[in-house]
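Letters go in sequence order (proteins before strands), and every chain restarts at 1.
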2 protein chains.
Amino acid sequence: MFGRGARIDAVDELDRAILRELQSDARRTNRDVAAAVGVSPSTALERTRALRRRGVIRGALLDVDLGAMGRPVQALVSVRIRPPSRAVIEEFRDWAQGLPETLGVFVTTGTADFVLHVAVPDNDRLYAFVIDRLTQHTAVADVRTSVVFEHLRTTRVDPVAQD
Amino acid sequence: MFGRGARIDAVDELDRAILRELQSDARRTNRDVAAAVGVSPSTALERTRALRRRGVIRGALLDVDLGAMGRPVQALVSVRIRPPSRAVIEEFRDWAQGLPETLGVFVTTGTADFVLHVAVPDNDRLYAFVIDRLTQHTAVADVRTSVVFEHLRTTRVDPVAQD
DNA sequence: TCTGAAATAGGTTGGCC
DNA sequence: GGCCAACCTATTTCAGA
């Protein structure tokens, strides 16, 4: 192992095919996946479990309709932190991640240290989130808010050959 | 129906509990969910199906490790489009959504018309994506790239009471 | 590795409270 | 609307190629 040009546990064609099927619907039954990729159920099961063991598959996330959940308004909130030291960054990251409005936290380079993806019931709540909640945190130096009209997610991440 | 203060198909306490369980792992078996929320399997099944029918649950997404998929470098790419007319916006949105590097597309207000969330094998590929691929599109007027050091996603979206 | 059949566990339905 | 119990289908295991 560790031979030149080959990573440990490379994802082969069968693995790729299984990942394609499961990405289209993470609840596909093992039988379905096996039939779709053309192997026996036990083979598909063993491959899927190996992908899980190796950490390629981390789990299955529920895709919910944010409108139906009472949070139709989404925004990307860019936040500048001061000072941007590790301790402050990590503390803010965990705090932001725990807010009920937060869908995701990006820790970034560039003009913003963080980009928060949030979903709220209406514009009033968005404004309140930014001017009440965020500015309440002492490390927040600057905030810029962009309303998200539409958010499309890709359900197909192709593995790149790791030679 | 359509009575004052109540939306059609309001999400009740049992629905909320089921959504909480499934958001922790979208592959939880119906039996597990039923036991966790304290109802019989047939009740849990009927509720879950109703949530699906009503569009509250849209599906289950596979959570993959982008590093293991050979795409350890993530970025948020802000794009300004000209002219920002409906036709151009929608054409660019669909084009960007179809690129293999793209994880998600945000259509936004503010200084950028789009924010693209992308994952690539390395910094060279990120640079190539921005200066070769994106600028190839005639509607792209301006691009700003932020590298994403870390991306945390929330796995718990609480429904907000829709009174 | 992959297969196929046998054992186990889960999803599903209908009658009932 | 929710529960129970029987039915049926899928997952999982294991011996063998």
Do any N or O atoms of the protein come closer than 3.5 Å to N or O atoms of nucleotides 3-6 of chain D, and which pairs are they?
unit_1 : atom_1 : unit_2 : atom_2 : d
dC3(D) : OP2    : S40(B) : N      : 2.9
dC3(D) : OP2    : S40(B) : OG     : 3.2
dC3(D) : OP2    : T43(B) : OG1    : 2.9
dC4(D) : N4     : S42(B) : OG     : 2.8

Pair D12(A) + R47(A): basic N to acidic O under 4.0 Å: yes
Protein-nucleotide distance (D12(B), atom CG; dG2(D), atom C1'), rounded to Å: 12 Å
R47(B) side-chain N/O to dG2(D) phosphate OP1/OP2 under 4.0 Å: yes
Gap between atoms CG and P, on N30(A) and dG10(C) respectively (whole Å): 15 Å
Heavy atoms from other residues, nucleotides or ligands near CZ of R16(B) exceed 12 (cutoff 6.0 Å): yes
Over all atoms of both residues, closest heavy-atom pair of L62(B) and A26(A): N-CB, 3.7 Å
Whole angstrom value for the distance that separates C1' of dG11(C) from CG of D32(A): 14 Å
R82(A), CZ: over 12 other non-hydrogen atoms inside 6.0 angstrom: no
Any R49(B) side-chain N or O less than 4.0 Å from OP1/OP2 of dT13(C): yes
Given dT11(D), dT12(C), dC2(C), the nucleotide with the shortest approach to the side chain of L14(A): dC2(C)
Distance below 4.0 Å between T29(B) side-chain N/O and dA9(C) OP1 or OP2: no
Interatomic distance where CZ belongs to R31(A) and P belongs to dA9(C) [whole Å]: 17 Å
Heavy-atom pair of closest approach, residues H151(B) and H117(B): ND1-CE1, 3.4 Å
Touch class at under 4.0 angstrom, heavy-atom based, for R28(A) against every strand present: nothing
Interatomic distance where CD belongs to E46(B) and P belongs to dG1(D) [whole Å]: 8 Å
Whole-Å distance separating the CG atom of L45(A) from the C1' atom of dT13(D): 10 Å
D142(A)/R80(A) ion pair, N-O < 4.0 Å: no
Polar side-chain atom of R58(A) near backbone of D63(B) as donor-acceptor pair, under 3.5 Å: no
